[in-house]
Amino acid sequence: MDGSRGHAPRQTRTVPIHHRSPDGPPKGRGCWPGPGVGAMGGLQRARNGISGAGSPRCDRRDGGDRSEEGPPARGRRCPESLCRSDDSANLARPGRYPPDPALRPESGILATFRVPTQAPPRTNPPMDPTSIADLLADAQSRIGQTVRLQGWVRTRRDSKAGLSFIQLSDGSSFATMQIVAPSDLENYEADILRVTSGCSLDVEGEVVESRGKGQAIEVKASHIDVRGFVDDPDTYPVSPKKHSYEYLREVAHLRPRTNTFGAVGRVRNCLAMAVHEYFQTNGFQWIHTPIITANDCEGAGEMFRVSTLDAANPPRNEQGEVDFSQDFFGRESHLTVSGQLAVECWCLALSKVYPFGPTFRAENSNTSRHLAEFWMIEPEIAFADLNDDADLAEGLLKHCFRTLLDRRGDDLAFFNERVESTCIQRLEHFVESPFERIDYTDAIDILEKAVAGGRKFEYPVEWGSDLQSEHERYLVEEHVGRPVVVMNYPKDIKAFYMRMNDDGRTVAAMDVLAPGIGEIIGGSQREERIDVLDARLDEMNLPREDYWWYRDLRRYGSVPHAGFGLGFERLIAYATGMANVRDVIPFPRSPGNADF
RNA sequence: UCCCCUGUAGCUCAAUUGGUAGAGCGAGCGGCUGUUAACCGCUAGGUUACUGGUUCGAGUCCAGUUGGGGGAGCCA
């Protein structure tokens with residue numbers, strides 16, 4: 001029943017004030033966080049200085065007893081401030097909202113919830129809400145209509161002419177909507193003048209042509225319902241100013257409210273859909289390869305163990321080793337580091353397949369290009385060789401970026417203006433130019449010529465060793481200037497499953513290198529000949545029996561096939577110009593960091 | 001994991017050879033204004049990440065711990 005839908009409780013509630021944090025979480029406010037530089041301050045101190053038990057987020061309090069109401073400021077933690085989103089969002093500093101003398105701290109240990117005063121009347125029955133994106137899609141034809149918008153406040157500006165301007169964002173597009181709140185709204189004094197960044201609103205009003213510059217239309221409000229106030233605005237973490245990315249990572253629960261991260265979220269969604277569209281329109285099947293794997297043969301690095309054994313006191317066998325036969329799966333198991341081996345089974349039945357899901361690596365990698373949990377796209381195609389694989393990589397990437405340019409011009413314009421000034425140009429160039437394809441051996445020649453010409457590298461260039469980051473960067477950024485596919489690497493630096501070339505010393509592997517981000521795709525044609533595969537397993541001291549089902553694929557109807565892995569976060573980082581993959585995933589996991 | 005840099009107000013940063021801790025933004029209050037990253041004034045806000053040293057005296061020097069960044073390795 002909607003008559004009261006959207007209205008916060010009307011009564012004033014009181015709570016003991018020590019349920020409130022001595023002060024709020026670190027704040028700021030993120031409209032246009034600039035490039036991430038500088039160091040962190042308050043949060044680490046909060047983290048280091050306070051040692052309370054309980055939820056780790058609750059520890060994130062900065063010191064400082066900022067008013068008379070607080071309990072001892074340090075060494076004390078609020079058990080439920082940030083961690084309980086329902087009530088804490090409405091907690092107010094006592095004595096401020098409302099300014100009721102009976103509730104001042106000196107009258108007792110009471111604080112006041114900050115709640116809207118009175119439910120403003122609204123149309124009956126209430127109308128369905130519209131998204132800002134939909135409203136802007138046909139702005140001119142909507143003029144004169146009454147609409148209902150729901151969203152969060154970016155800024156409020158008052159005019160003594162008897163009105164306030166509120167920038168409302170609902171995340172449906174980069175654009176916000178200007179709400180004009182006339183002072184004759186019955187809750188104008190009581191609510192509207194108390195609205196700050198971060199408040200949630202439910203607005204009804206007429207779409208009108210804007211009298212100001214900067215927007216074609218605006219909504220002249222007839223009713224504004226403040227659904228949720230911001231607790232002490234002084235502590236709202238995402239204040240309307242520039243914030244560093246490092247800081248915003250520490251408030252990852254609120255960073256989607258900033259321009260940058262809202263845009264990242266929409267771009268991420270758009271690219272994910274583009275990936276699926278490309279495959280679905282080209283005859284691929286999406287295969288859900290397992291997250292948990294008991295294979296000890298994936299071989300792509302350190303893995304996270306999945307176990308239900310008592311970590312403090314695990315069962316042990318006669319040799320004193322942990323007895324995983326008593327574990328949940330009856331053997332040691334892990335989170336997947338790749339769906340490739342599993343999806344090859346489905347490739348050799350459904351022909352064109354792709355996993356697209358989360359992947360986990362327990363590597364101690366501390367870089368802007370690595371995450372412990374990331375999303376990977378791993379297409380696999382049957383009756384295909386390495387060139388088909390490179391064609392597929394090129395087709396997929398170009399489709400993704402073309403789609404992004406078509407659909408998220410608003411967000412890309414922002415990235416272009418505020419994050420990386422060549423962002424759009426780079427994407428347009430990307431979709432128009434053919435990839436450069438060079439053999440590893442030729443790449444070595446190019447690098448050797450560069451060295452002969454005086455170019456200095458920290459690591460030596462020699463056939464047989466892997467290309468270093470500096471080598472890849474030279475090839476992509478200086479020598480070619482656009483994405484490069486390096487193909488046919490020496491066999492000794494690549495995995496066992498990559499197909500041996502006729503020269504006997506290289507395998508059909510490829511890396512797609514992109515300017516600014518490095519390796520974005522790694523792939524290969526797979527070894528489909530059982531005798532050659534076995535020889536490679538033996539050569540690398542890998543027990544054949546561990547790969548029995550993988551080898552079966554080569555025994556029963558084997559066929560040349562190929563595939564690659566595309567790191568989804570690297571794709572987003574490249575598309576947006578965001579420098580760190582931790583800032584293109586909602587909640588990044590990296591060594592020492594699994595907050596939120 | 002290795003190398004380098006770094007931690008000062010809610011945020012971004014200053015602080016001379018070791019000598020009383022500052023600004024901008026944000027916030028609160030007031031002024032002005034169909035405003036729009038508004039503008040003007042006033043106010044509040046600090047155990048200089050933590051622990052221990054050196055010193056008459058430490059934000060500054062030393063050691064350890066811890067957080068962050070850049071680069072490398074591993075890779076996607």
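In what follows, every chain begins at residue 1, and chains take the letters A, B, ... in the order their sequences are listed. All heavy atoms count here, side chains included; hydrogens, waters and symmetry mates do not.
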If a pair means Watson-Crick or G-U wobble with both distances below 3.5 Å, what does RNA chain B look like in dot-bracket form, with | marking bases paired to a different strand?
(((((((..((((.....[..)))).(((((.......))))).....(((((..]....))))))))))))....
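Under the rule for a salt bridge (charged side-chain N to carboxylate O under 4.0 Å, His left out), A:Asp389 has no partner lying at least two apart in sequence or in another chain. Applying the salt bridge (charged side-chain N to carboxylate O under 4.0 Å, His left out) test to A:Arg473 and every residue at least two apart in sequence or in another chain returns nothing. Looking at residues two or more places apart in sequence or on another chain, you find a side-chain hydrogen bond (donor to acceptor under 3.5 Å, both in side chains) between A:Asp170 and A:Ser172. For the side-chain hydrogen bond (donor to acceptor under 3.5 Å, both in side chains) test, residues two or more places apart in sequence or in another chain that qualify with A:Lys398 are A:Glu394. Looking at residues two or more places apart in sequence or on another chain, you find a salt bridge (charged side-chain N to carboxylate O under 4.0 Å, His left out) between A:Asp410 and A:Arg408. The salt bridge (charged side-chain N to carboxylate O under 4.0 Å, His left out) search around A:Arg582 returns none, not counting sequence neighbours.
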List, with names and distances, any nitrogen or oxygen atoms from the protein found under 3.5 Å away from nitrogen or oxygen atoms belonging to nucleotides 38-40 of chain B.
none

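Residue A:Ser365 places no side-chain N or O under 4.0 Å from the OP1 or OP2 atom of B:C75. Within the 4.0 Å cut-off from OP1 or OP2 of B:U12, at least one side-chain nitrogen or oxygen of A:Ser244 is found. At least one side-chain nitrogen or oxygen of A:Arg582 sits closer than 4.0 Å to the OP1 or OP2 atom of B:G69.
Residue pairs meeting the side-chain hydrogen bond (donor to acceptor under 3.5 Å, both in side chains) criterion with at least one member in residues 506-519 of chain A, sequence neighbours excluded: A:Tyr489-A:Asp511, A:Asn501-A:Thr506, A:Asp503-A:Thr506.
Residues A:Glu344 and A:His561 bring a donor and an acceptor atom of their side chains to less than 3.5 Å of each other.
Among the atoms of the strands shown, none is found under 4.0 Å from any heavy atom of A:Leu571.
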